[in-house]
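Here is the naming used below: chain letters follow the sequence lines, and residue numbers restart at 1 for every chain. None of these values were measured; they are calculated from a predicted model.
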Amino acid sequence: MSETNNTSSNFIKNIIKEDIATGKHDEIVTRFPPEPNGYLHIGHAKSIVLNFEIADEFGGKTNLRFDDTNPLKEDKEYVDSIKDDIEWLGYEWDGLKFASDYFEEMYDRAVLLIKKGLAYVEDMSQEEIREYRGTLKEPGKESPSRSRSVEENLDLFERMKNGEFGNGEKVLRAKIDMSSPNINMRDPVIYRISHATHHNTGDKWCIYPMYSFAHPLEDAIEGVTHSICTLEFEDQRPLYNWVVENCEMEAKPQQIEFARLNLTNTVMSKRKLKQFVDENFVDGWDDPRMPTISGFRRRGFTPESIKLFCREIGVAKSDNTVDVRMLEHFIREDLKLKAPRTMSVLHPLKVVITNYPEGEVEWLDADINPENEEMGTRKIPFSREIYIEKSDFMENPPKKYFRLFPGNEVRLKHAYFIKCNDVIKDENGEVVEIHCTYDPETKSGTGFTGRKVKGTLHWVEATNAKEAEFRLYDSLILDEKSGDDFLEQVNPKSLEVANGFVEPNMTEAKGNDKFQFFRHGYFNVDPKDTTEDKLVFNRIVELKSSFKL
RNA sequence: UGGGCUAUAGCCAAGUGGUAAGGCAACGGAUUUUGAUUCCGUCAUGCGCAGGUUCGAAUCCUGCUAGCCCAGCCA
């Protein structure tokens, strides 16, 4: 993966370089630690790219570790989707781990803490614990349970494990400092009782470790050298270090926090995305409008484009909102040389070429990608009747309109010049057909230079055209400044469905094939809804355009 | 004075005492059988603000200001 080394440095790489230079570590170990309670999104991709490529760059390892310490929220379905998404991005993890693999050891470490007088079983209710915790500005109070003997704590904790108590009756707390200015240090809960079936360990356990206790242990057990997480965990770092230290872990992983990704016109929280799914604003977690990895995949984004984007946005500690147009830039960039060019008409308008012989069809040569000649050529039919784009004709055009209008001549891509002579309208005055004449002298490829035209139009020959559905996407969210009422910011026009035509050879297209439709943009064959008789195309991104009507 | 963190262009971001990289966006112009691509050019006398140290400060010091995070038996 040598493509990873062309990006500028960031503060995390600088820390690692320093750690290698000083001999603190010989080998770098990172991990990507998702909780299997939802689908991965583009923000996770930033973390995946960071963790995997940093280890790769410095010759280390990266584990995929599921942080499955809360059976109420987690599910194997998510484990599978997460693995799929990471593989699709093109990364291979070194170890496949589960926090639940370490439940036994975590339990032992908790017992160690109790023996050292650094943890105790709490009798108080959740409400009481909260009251005793104090507030942001006032210190907390010590619980009566805090002074329990080691023996009693040991006994109680074992009975917790054995299922003698119901949910919420007891918790295990670390004994740290109830008056700490950092609330995380005010005797945090490290084990709770939850009589629930775990996707991995079944009913073996009814007590589960909390994140703040489990995570540092998991990292230390795996020998993770740099535990990279997001900014909201910064306040937990003292607790993280406390756990590693007092549980007498051999490895001393270092937690480093970076700012999570925000995108304009996008919501990124799992809660909100889940709401879109549950309330049917979208078609599911992989709806092409969703910022999930699976949504981008179905939309037609390539792994490479997402990785290029993640490398380019950088890694820092300041809150940020990246312009989604930057992501769009990288998919255009990636597909430019890869995607075959083809012509499609999304909103058809029939054109009759009155001086072209009836019943005759000629097959024209067309290059598949003018920027990548190795892709070769294709044949496209041409005849007396074709379809052009509705927006490529105006009866009364404004200045600088280069397309078709009465009396004007334009080029049909790969074919001939045509000139508009007549406009046919229906009873409502709507244009339904255009009559043109063509000039045989102007055939593409013959080197005709007799006269010039300003516009070149795409088109599809009518009798051989294949019907297709086009899904034209716009952002799901109109304005990124959205609070709890973000549903009010939902774009009612995030999806427009058009029914039109594609070239006849497109019948061979398969799910996830990507094309550039001339003058429209890049499209992906929808892998779910495309059938033998109906092609469905998802618009990945439009071509840039300086044209304004 | 609860604690933690952040501040460099419209948006990201490098920069770690030697005179503001790069990308996106935008705007000019050339080429163009995609109003695309490509190419060329423009875009911070300035680094949240105010002082100070220094021959020299985005970088060091002092004091402010603004924004984000923290009171789950979630992660």
Side-chain angles (χ1 to χ4, degrees), chain A residues 7-11 14 33-35 37 67-70 72-74 122 125-126 129-131 133-140 167-173 180-186 188-194 207-208 210-212 214-215 229-238 257 259 261 264 270 308-309 311-330 332-333 336-337 341 343 367 370-371 400-403 410-415 417 442 444-445 448 452-458 516-521 542-548:
Chain A
T7 316
S8 60
S9 69
N10 62 54
F11 78 100
N14 291 344
E35 181 186 16
N37 69 342
D67 218 345
D68 54 351
T69 57
N70 185 355
L72 263 19
K73 293 189 173 180
E74 294 147 10
E122 175 62 81
S125 69
Q126 188 164 180
I129 290 174
R130 190 184 312 126
E131 282 169 27
R133 186 149 39 219
T135 68
L136 293 178
K137 295 190 177 184
E138 297 157 10
N167 294 348
E169 277 186 46
K170 307 263 186 242
V171 290
L172 185 71
R173 291 230 253 172
S180 171
N182 180 347
I183 285 192
N184 293 298
M185 300 300 270
R186 318 237 264 233
V189 172
I190 58 175
Y191 261 95
R192 80 288 214 177
I193 298 169
S194 182
I207 56 171
Y208 293 92
M210 300 287 291
Y211 166 88
S212 46
H215 206 90
C229 64
T230 43
L231 250 29
E232 67 271 23
F233 292 102
E234 237 164 354
D235 290 340
Q236 300 234 19
R237 194 166 64 227
E257 312 85 10
L261 169 67
T264 54
K270 275 187 193 170
L308 285 167
F309 170 76
R311 290 176 199 130
E312 200 57 37
I313 54 175
V315 177
K317 295 192 71 164
S318 54
D319 292 326
N320 62 84
T321 304
V322 176
D323 195 326
V324 72
R325 288 179 298 183
M326 194 156 160
L327 216 204
E328 295 175 345
H329 165 78
F330 285 106
R332 288 192 194 102
E333 182 76 13
K336 187 171 58 192
L337 298 179
R341 268 52 166 174
M343 295 194 286
D367 43 30
E371 293 174 75
K400 296 224 178 163
Y401 185 81
F402 303 152
R403 285 108 102 136
V410 298
R411 181 195 300 274
L412 292 177
K413 179 74 182 176
H414 299 309
F417 286 11
T442 60
S444 285
F448 174 80
K452 301 234 178 205
V453 288
K454 295 279 251 185
T456 299
L457 307 189
H458 61 275
Q516 188 202 91
F517 289 156
F518 224 75
R519 299 208 298 144
H520 279 306
E542 290 184 90
L543 255 25
K544 282 175 50 168
S545 173
S546 58
F547 175 64
K548 297 172 200 78

* Phosphate oxygens OP1/OP2 of B/C11: is one of them under 4.0 Å from a side-chain N or O of A/Thr264? -> no
* Give A/Gln236 one of three labels, base, sugar-phosphate or nothing, depending on what nucleic acid heavy atoms sit under 4.0 Å from its own. => base
* Asked: What integer distance in Å separates A/Leu308:CG from B/A13:P?
  -> 18 Å
* Contact under 4.0 Å: A/Arg173 side-chain N or O vs B/G72 OP1/OP2 -> no
* To do: With a 3.5 angstrom cut-off on both distances, give the Watson-Crick or G-U wobble partner of B/A20, or none if there isn't one.
  => none
* **Letter per nucleotide, 5' to 3', of nucleotides 19-33 of chain B [B base touched, S only sugar-phosphate touched, - untouched; heavy atoms, 4.0 Å]** => ----BSS-------B
* Structure fact -> Pairing partner of B/U62, by Watson-Crick or G-U wobble and under 3.5 Å for both distances, is B/A50
* Does OP1 or OP2 of B/A36 have a side-chain N or O of A/Ser546 closer than 4.0 Å? -> yes
* Asked: Does B/A26 have a Watson-Crick or wobble mate here (both distances under 3.5 Å), and if so which one?
  -> B/U42
* Structure fact -> In Watson-Crick or G-U wobble terms, with both distances under 3.5 Å, the base opposite B/C5 is B/G67
* Syn or anti: how is B/G72 classified when any glycosidic angle within 90° of 0 counts as syn? -> syn
* Among the candidates B/G35, B/A75, B/C12, find the nucleotide nearest to the side-chain atoms of A/Arg403. => B/G35
* For B/A13 versus B/G28, give the span between their C1' atoms, rounded off to a whole number of Å. => 26 Å
* Asked: Taking any strand in view, what nucleotide pairs with B/A57 in a Watson-Crick or G-U wobble way, both distances under 3.5 Å?
  -> none
* Give the nucleotide from the list B/G15, B/C74, B/C73 with an atom nearest to the side chain of A/Lys73. => B/C74
* Asked: Okay, side chain of A/Asn184, backbone of A/Asn182: is any donor-acceptor separation there less than 3.5 Å?
  -> no
* Is A/Arg192 near enough to B/G72 that one of its side-chain N or O atoms lies under 4.0 angstrom from OP1 or OP2? -> no
* Asked: Does A/Arg341 put a side-chain nitrogen or oxygen below 4.0 Å from OP1 or OP2 of B/A36?
  -> no
For nucleotides 2-7 of chain B, list the nitrogen or oxygen atoms of the protein found under 3.5 Å from its nitrogen or oxygen atoms, one pair per line.
from: B/G2; atom 1: N9; to: A/Leu136; atom 2: O; distance (Å): 3.4
from: B/G2; atom 1: N3; to: A/Leu136; atom 2: O; distance (Å): 3.0
from: B/G3; atom 1: N2; to: A/Asp235; atom 2: OD1; distance (Å): 3.3
from: B/G3; atom 1: N2; to: A/Asp235; atom 2: OD2; distance (Å): 2.6
from: B/G4; atom 1: O2'; to: A/Asp235; atom 2: OD1; distance (Å): 3.4

* Structure fact -> Looking only at B/A14, B/A75, B/G35, the nucleotide nearest the A/Glu35 side chain is B/A75
